[in-house]
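So the structure is just underneath, and the comments pick up after that.
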Protein chains: 2
Amino acid sequence: MSASPSSEFLPTGDPRWLDAEEQKAWRAWLYSAQLLQDRLDRELTHRTGISHAYYEILVALSEAPERMMRMSELADRCLSSRSRLSHAVSRLEERGWVRRQVCTEDGRGQLAVLTDDGFAALEDAAPIHVEGVRRELFDQLTPEQVAAMRDFGETLLRHLDATRVP
Amino acid sequence: MSASPSSEFLPTGDPRWLDAEEQKAWRAWLYSAQLLQDRLDRELTHRTGISHAYYEILVALSEAPERMMRMSELADRCLSSRSRLSHAVSRLEERGWVRRQVCTEDGRGQLAVLTDDGFAALEDAAPIHVEGVRRELFDQLTPEQVAAMRDFGETLLRHLDATRVP
DNA sequence: GGGGAATAGTCAAGCGCTCAACTACGCTAG
DNA sequence: CTAGCGTAGTTGAGCGCTTGACTATTCCCC
């Protein structure tokens, strides 16, 4: 719907429609974001058997002290819901890459721990992922574009973080 | 995994790891993209019952001549697989928003046609979506950042398009 | 003009996600 | 102490997506 539709008497007043330039900018960003994430995810999944979502979990754990994290903390770090993370960790447990451990400080809590097998799987996958990001993203951009991408991302993150409603 | 892991003798040579600045840029972009898309999709879904993916289908049809498109064409336009689009159109058909029609020029083909009910649903949803995009995206950015976002998206799209492997 | 490859679309099985309900534990006020 | 509320995490049902196989039609060229 490129032009304003005919409904002119909305309760909240006329929406601030996007003009042609804004539409182009929005679509270019949206399509490129979807295609890029899709391509990287597919390459990683097909070459390593690890989806990008699972990869993020393994990375987070590998960077944590003693390679272990509380479930909720891990969920936040991976932009995941509690439920989604719980399911994902169960599946990673079945592969032997992660194990659960009760948290001694808080009887309600669980710790997700990266196993040696999980770390090895991550070591195999990391080069594939990094090469993908470089090939599809950084190799295509000038340093100025990279700087703008970061600036853009950080600006948006500040806003999204400030207006979060948990 | 922020630093190079210990596997130093890979068949393809050492991967070109991301340095700290590149990591920050990549993460900022990735997280902001995921959070933004997620927030817009949730708002649209909860307030209108239409997910962003379905919204895109309705928009594409509404802009097409006679509000109809070939299934494959529609799939490409919506960055969707044939199968996914076929499922989605079936569900939109159940809601009475789209109907299928055999293509007279090509006996294999099907046309997806937007119904009046579908157009009305889109008219209701469009202001919600546009306000979301404006509030979460354009209102947060300077004109320079918008220009950079578009430039970034178009650069990436050119690359992704040129290296597509169907 | 007839046989094989290519194309359009659908369908079924299985996986992963969402949502809401649920268990279990901790915290605090009375 | 204990009642009640908040927090941590899990679970199951249901939906949507992916994959790969399948049907039907068209295209191509010998």
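In what follows, chains are A, B, ... by sequence order, proteins preceding strands, each numbered from 1. Model, not experiment: these values are computed from the prediction.
Atom-to-atom, CG of B:L85 to C1' of C:dT10 comes out at 12 Å; the value is rounded to the nearest Å. Rounded to an integer number of Å, the gap from CD of B:Q34 to C1' of C:dC17 is 14 Å. As a whole-Å value, the separation of B:H52 NE2 from D:dC15 C1' is 20 Å. Taking atom CE on B:M71 and atom C1' on C:dC11, their separation rounds to 13 Å, with Å as the unit. For the pair B:D41 CG and C:dC17 P, the interatomic distance rounds to 15 Å; values are reported in whole Å. Computed from coordinates, the A:E93 CD to C:dG16 C1' distance equals 17 Å when rounded to whole Å. Taking atom CG on B:L74 and atom C1' on C:dA8, their separation rounds to 14 Å, with Å as the unit.
Applying the salt bridge (charged side-chain N to carboxylate O under 4.0 Å, His left out) rule to pairs touching residues 102-113 of chain B yields B:R70-B:D106, B:D106-B:R108, sequence neighbours excluded. Applying the salt bridge (charged side-chain N to carboxylate O under 4.0 Å, His left out) test to residues at least two apart or on different chains, the pairs with a partner in residues 132-142 of chain A are A:R39-A:E136, A:E43-A:R135, A:R134-B:E22, A:D139-B:R16. Applying the salt bridge (charged side-chain N to carboxylate O under 4.0 Å, His left out) test to every pair with at least one member in residues 71-80 of chain B, sequence neighbours left out, gives these pairs: B:E63-B:R77.
Partners of A:E21 under the side chain to side chain contact (heavy atoms under 4.5 Å, CB included) rule, at least two apart in sequence or in another chain, are A:D19, A:K24, B:R150. Residues that satisfy the side chain to side chain contact (heavy atoms under 4.5 Å, CB included) test with A:A112, not counting sequence neighbours, are A:L61, A:M71, A:L74, A:V98. Remark: A:H159 pairs with no residue by the ring pair (Phe, Tyr, Trp, His ring centres under 6.0 Å) rule, at least two apart or across chains. With sequence neighbours excluded, the residues forming a side chain to side chain contact (heavy atoms under 4.5 Å, CB included) with B:T155 are A:L141, A:Q145, B:D151, B:R158, listed by chain and number. Under the rule for a side chain to side chain contact (heavy atoms under 4.5 Å, CB included), the partners of B:S80 that lie at least two apart in sequence or sit in another chain are B:C78, B:R84, B:L85.
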Per-nucleotide protein contact string for nucleotides 16-21 of chain D, where B marks a base within reach and S marks sugar-phosphate only (heavy atoms under 4.0 Å, - for neither): SSBBB-

Taking only nitrogen or oxygen atoms into account, show me every contact under 3.5 Å that the protein makes with nucleotides 2-5 of chain D, one pair per line with its distance.
none

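A heavy-atom distance below 4.5 Å is found between the side chains of B:L137 and B:M149.
The shortest distance between the side-chain N/O atoms of A:R82 and the OP1/OP2 oxygens of D:dT11 is not below 4.0 Å.
Residue A:M68 belongs to a hydrophobic cluster whose other members are A:L111, A:V113, with links defined by side-chain heavy atoms closer than 4.5 Å.
The stretch residues 104-112 of chain B touches DNA chain C through B:R108, B:G109, B:Q110, each having a heavy atom within less than 4.0 Å of the strand.
Using bins of under 30°, 30° to 60° and over 60° for the plane-to-plane angle, the ring pair B:H129/B:Y55 lands in the tilted bin.
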